[in-house]
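Lettering of chains follows the sequences in order, A, B, ..., and the numbering in each one begins at 1.
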Amino acid sequence: MLEKTFDAATVEPRLYDEWEKAGAFKAGAGKKDGQDSFSIVIPPPNVTGSLHMGHALNNTLQDVMIRYHRMKGLDVLWQPGMDHAGIATQMVVERQLAANNEPDRRSMGRDAFVDRVWQWKGESGGTIFNQLRRLGATADWSRERFTMDEGLSKAVQKVFIQLYNEGLIYRGKRLVNWDPKFETAISDLEVENKEVDGHMWHFKYPLAGGETYTYVEKDEDGNILFTEERDYISIATTRPETMLGDGAVAVHPSDERYAPIVGKLCEIPVGPKEHRRLIPIICDEYPDPDFGSGAVKITGAHDFNDYQVARRNMIPCYRLMDVQAGMRADGAPYAECAAKALEIAKTGELPGEREVDEINLVPDEYRGLDRFEARKQIVDAINAEGLCVFAKDEEGNDVPFVENKKIMQPFGDRSGVVIEPMLTDQWFADAKTLAGPAIDSVREGRTKFVPQNWEKTYFEWMENIEPWCISRQLWWGHRIPAWFGPDDHIFVAHDDAEAAEQAKAHYGKDVDLKRDEDVLDTWFSSALWPFSTLGWPDKTPELERYYQTDVLVTGFDIIFFWVARMMMMSMHFMKEEPFHTVYVHALVRDEHGAKMSKSKGNVIDPLDLVDEYGADAVRFTLTAMAAQGRDIKLATSRVAGYRNFGTKLWNATRFTQMNGCERTAEFDPSTVKETVNQWIVTELAKAAKDVSDAIEAYRFNDAANTLYRFVWNLYCDWYIELSKPVLQAEGESAAKSETQACAAWVLDQICLLLHPIMPFITEELWAETGKTGPARKGLLILEDWPSYDIKDTGAADDINWLVDMITAIRSIRSEMNIKPSTQLKLEVVGASDETKARLAAHDAIIKRLARVEDIKVSEAVPQGSAQVVVHEATVALPLAGIIDLDAEKARLEKDLDKIAKVAEKFEKKLGNEKFVANAPAEIVEEQKAKLAEQNELKAKVQEALDRILAAL
RNA sequence: GGGUGAUUAGCUCAGCUGGUUAGAGCAUCUCGUUUACACCGAGAGGGUCGGGAGUUCGAAUCUCUCAUCACCCA
């Protein structure tokens, strides 16, 4: 006999072990001959990561599909693995070194540090997989891959070399997002733009040689508002320290105010007086004439917009900062550099990227300062010189004009420090070219997004894709297979020897080569995931069998990271999409819809939920809430509710055990005789089809809700209750043994259907109910997904009538305050032959469930009865002297009112000529039938009311 | 500023291609040891589907518009 409740905490680990021992997670476990494959590659979690709700949802849905398809007999592979997370992992290990007072990364050297990272990985990496096991995830752990393992590294190398040789990877000096804490380039997806309090300073850039012009401001109609003779142009900036690197001042071509001075030079109002730099005033579409003064300083090396302007207009980009975002302290003294810059400004001739980069325009006194300290000093210096724009304070004094305003500032999502746009040498992949086929795949429907609207986001991003900066200045990652000759000529090769060979051919002699220090972006290796994990570049049977994979399951916040990159690389190297479907699920938020974050303290740890409610409840909750196109607001009450659902099923099984419901080998659902049994098997077949359809259509919530309804509302609330009179009758009968077998059989089917979502409790019940009756083949996890050939015998009509009858009597009892213990007598008036037959057939059930001791068919309603209309018949409860006639009158009136309202709706509809003329005939018929039904009901209730009125 | 999505019972949400008497769970109220289950059962109350306009015989569902909120990108 079962315990009263399911003990998830002890059962779950035991079952997980059994599954694993049975080899149930292995690729192809339980596959049927001739069946196709079904494969999913896990979106690789980060080796430093631990399980959060997003993972829980993501992996639950994958596991539901995996378990479902495995049961369907497909050759299933769920390929697990992790990525090496360059920055995050390096950060974790560096922190650990610091905490242990060990030498830092630089003092221990690259090789020792990388060894140390591997050591860390061996000890602490991948905790997330143990957490996924607790959720019941059935990935094929024996095939776990890691982006840094040998095979995947080989794939990365091959891809890099091939793309380089195809001209799709190149090296160049570009503006990239620079993280000064980690001292590496990062992708713009790793940058978080946040609104912070900032300042906007307004400064005067004096015109060269003391020139003046008439500054005129006009309103929309051309009326002059303000005129002033000026010897400067006014600039607004939020970053005064970058003024040192200005290459120009730009104004909009349509801006008449500055038309007189376009093409002239102006002076940057900072630095030693004798070396003030002159820069040109140019026209460009970029400045917004209505914003600030309408004039914008152009600092190509430190701002993405300025960079574009600089490139368009041949303006030099002067780098001002070092790798830690301190002001540069290298190179020639300021005087020398400033002179070179002045020369460039005057001639307009742009030297090479390298030469420009050697010019350090940071004045000597600011060299080596932190950028924020430099900012402060520069502002002070300009103000002291009176080259700021002035405003009046409250007392009418002139004060420097500084606006306090919100500005968007980029932060590194890992480091949390302000990201600096920085001109550096990096490797780039030609994402635009690679994106082409990937865009076509989706446009031509070879890969579909579910829900479809995410296609738009995908296109948006892919069509505006920028060159992908793939190099990182880190030590942990795939080192770029490129060597530099003495003249910086690049040799891309598989190893030193090959590079040396290439160099020898190039130079005609042996030379010293220096290998590139940089590693590749983690996403470069993740992009290969769908095929590299299957063994590419080798031609493995796995690749043959499981590529293309079926579906990628991911959150929308990560479409760019995973989907886009996997699509690009797969199309290029495999010539086939990595997956035919991308299922994009929601973000899990807290119950009020706020994003879960550590700082808010509203994080729900999925493992805490598993501890408290069991993995099945957590899985069911996430599945039931995974409606397409909506965020999940997770309330723990919901999880508790689904835990209760599991207990309900558990206890239903317990009931069947107590009532001799054993499985029998010969039970055949298509030949059951009892109406109740016919009904439940028909409903089961319907539910099973709905569940299959829902899972295949990625409508996971529908699958969960269908099961919930079937198990609780149909099987437990009605089937079991309706079966009780038969099951608990004395002695043996055909009806009893059929019902016993049927109840057990349906329970088996429930276990099968529910297993993908609630694997543990169903497996446990499967074992429990397997202790009697025919022996089980094995574990539930490897059982066959059911399908049924059960014809509808129309039993549902009968049962619906029965349910209506019982509910009506219960309702009346409750409303008339009849004690539950009171046994009533029932008189049914105006019953059709069918109703009479049903009354006879279900006599015992009605008596039991409605607590009635006697049922008879009568000609007339007895005086002083409570009455309720069930279909065509009036059910009278003779309660003369007991019932409150006024209350009964009120009840019937209320009823009547309700019916009248409904009837009115139909009448109105049918009274509309246009409706009758235009609506499909079947709809009109349906409405007519409904109206007739309501009218009939109304008449009966009216009669009942009349009888009460007569008795009053 | 651009984009996307949301707005349905007190709360969290279903409601797919327009035809339901607008549903569920939780919460609420009343009743209940009818021995599978109080992590339960029975019954009940509760919504002019964010506002407005339109298309249509018919709109929670389609269109427009406004409002509020959220997220993404500038």
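Between A:F700 and A:Y698, the two ring planes are perpendicular [angle over 60°; tilted spans 30° to 60°].
Side-chain atoms of A:K689 and A:D693, non-hydrogen and from C-beta on, do get closer than 4.5 Å to each other.
Looking at A:Y715, its side chain does come within 3.5 Å of a backbone N or O of A:A743 through a donor-acceptor pair. Remark: side-chain polar atoms of A:T706 are paired, donor with acceptor, to backbone N or O of A:D702 under 3.5 angstrom.
Here A:E913 lies out of heavy-atom contact (under 4.0 Å) with every strand. Among the heavy atoms of the strands lying under 4.0 Å from A:T647 is at least one base atom, whether or not backbone atoms are also near. At the heavy-atom level, A:N817 lies nowhere under 4.0 Å from the strands shown. Residue A:R851 is in base contact, counting any heavy-atom pair closer than 4.0 Å across all strands shown. A:K456 comes within 4.0 angstrom of the backbone, heavy atoms only, and of no base. Here A:E460 lies out of heavy-atom contact (under 4.0 Å) with every strand. A:A652 comes within 4.0 angstrom of a base, heavy atoms only. Residue A:T807 is classed as a sugar-phosphate contact, given heavy-atom separations below 4.0 Å to backbone atoms only.
Atom CD of A:Q728 and atom P of B:U34 are 13 Å apart (whole Å). Here the P atom of nucleotide B:U35 and the CD atom of A:E721 are 11 Å apart, to the nearest Å. If you measure from atom CD of A:E192 to atom C1' of B:A74, you get 16 Å, rounded to the nearest angstrom. Separating the CZ atom of A:R643 from the P atom of B:C26 is a distance of 12 Å, rounded to the nearest angstrom.
Between the base of B:C37 and the side chain of A:K648 there is a donor-acceptor pair shorter than 3.5 Å. In terms of polar N and O atoms assigned as donor or acceptor, the side chain of A:R638 never comes within less than 3.5 Å of the base of B:C26 in a complementary pairing.
Candidate nucleotides B:G19, B:A36, B:G25 were compared by shortest atom distance to the side chain of A:I923, and B:G19 ranks first. Proximity note for A:N912 (side chain, C-beta onward) versus B:C57, B:U21, B:U34: the nearest is B:C57. Which of B:G15, B:C39, B:U12 sits closest to the side chain of A:R699 comes down to B:G15. When each of B:A36, B:G43, B:C40 is scored by its nearest atom to the side-chain atoms of A:S814, the top-ranked nucleotide is B:G43. When distances run from any side-chain atom of A:K909 to the nucleotides B:C37, B:U4, B:U20, the shortest one goes to B:U20. Side chain of A:D717, nearest nucleotide from B:A44, B:C37, B:A42: B:A42. The side chain of A:P820 sits closest to B:C31 out of B:A36, B:U21, B:C31. The side chain of A:S811 lies closest to B:G43, out of B:G43, B:A74, B:A14.
One P atom belongs to B:C72, the other to B:G25, and the distance between them is 34 Å to the nearest Å. When the C1' atom is used for both B:U56 and B:A42, the distance is 44 Å, rounded to whole Å. For the P atom pair drawn from B:G1 and B:C66, the interatomic distance equals 13 Å after rounding to whole Å.
Stem regions for RNA chain B, each three or more consecutive Watson-Crick or G-U pairs with both distances under 3.5 Å and listed by first number, read B:1-7 with B:67-73, B:10-13 with B:23-26, B:28-32 with B:40-44, B:50-54 with B:62-66.
Within the model, atoms OH of A:Y613 and OG1 of A:T621 stand 9.5 Å from one another, a figure rounded to the nearest 0.5 Å.
A:N713 and A:Y708 share no donor-acceptor pair across their side chains, judged by distance under 3.5 Å alone.
Within the structure, the salt bridge (charged side-chain N to carboxylate O under 4.0 Å, His left out) test picks out the following pairs touching residues 811-825 of chain A (sequence neighbours left out): A:K825-A:E853.
Taking the ring centre of A:F710 as origin, the terminal cationic atom of A:K686 falls outside the region bounded by 6.0 Å and 45° from the ring axis.
For residues 895-908 of chain A, proximity to RNA chain B is found at A:V902, A:K905, A:F906, defined as any non-hydrogen atom under 4.0 angstrom from a strand atom.
Using a 4.0 Å cut-off between charged nitrogen and carboxylate oxygen, A:K908 and A:E904 do not count as a salt-bridge pair.
Shown are A:F459, A:Y458, A:Y583; of these, the ring pair (Phe, Tyr, Trp, His ring centres under 6.0 Å) with A:F449 is made only by A:Y458.
Nearest approach of A:A903 to A:Q934, heavy atoms of both residues: CB-CB, 3.9 Å.
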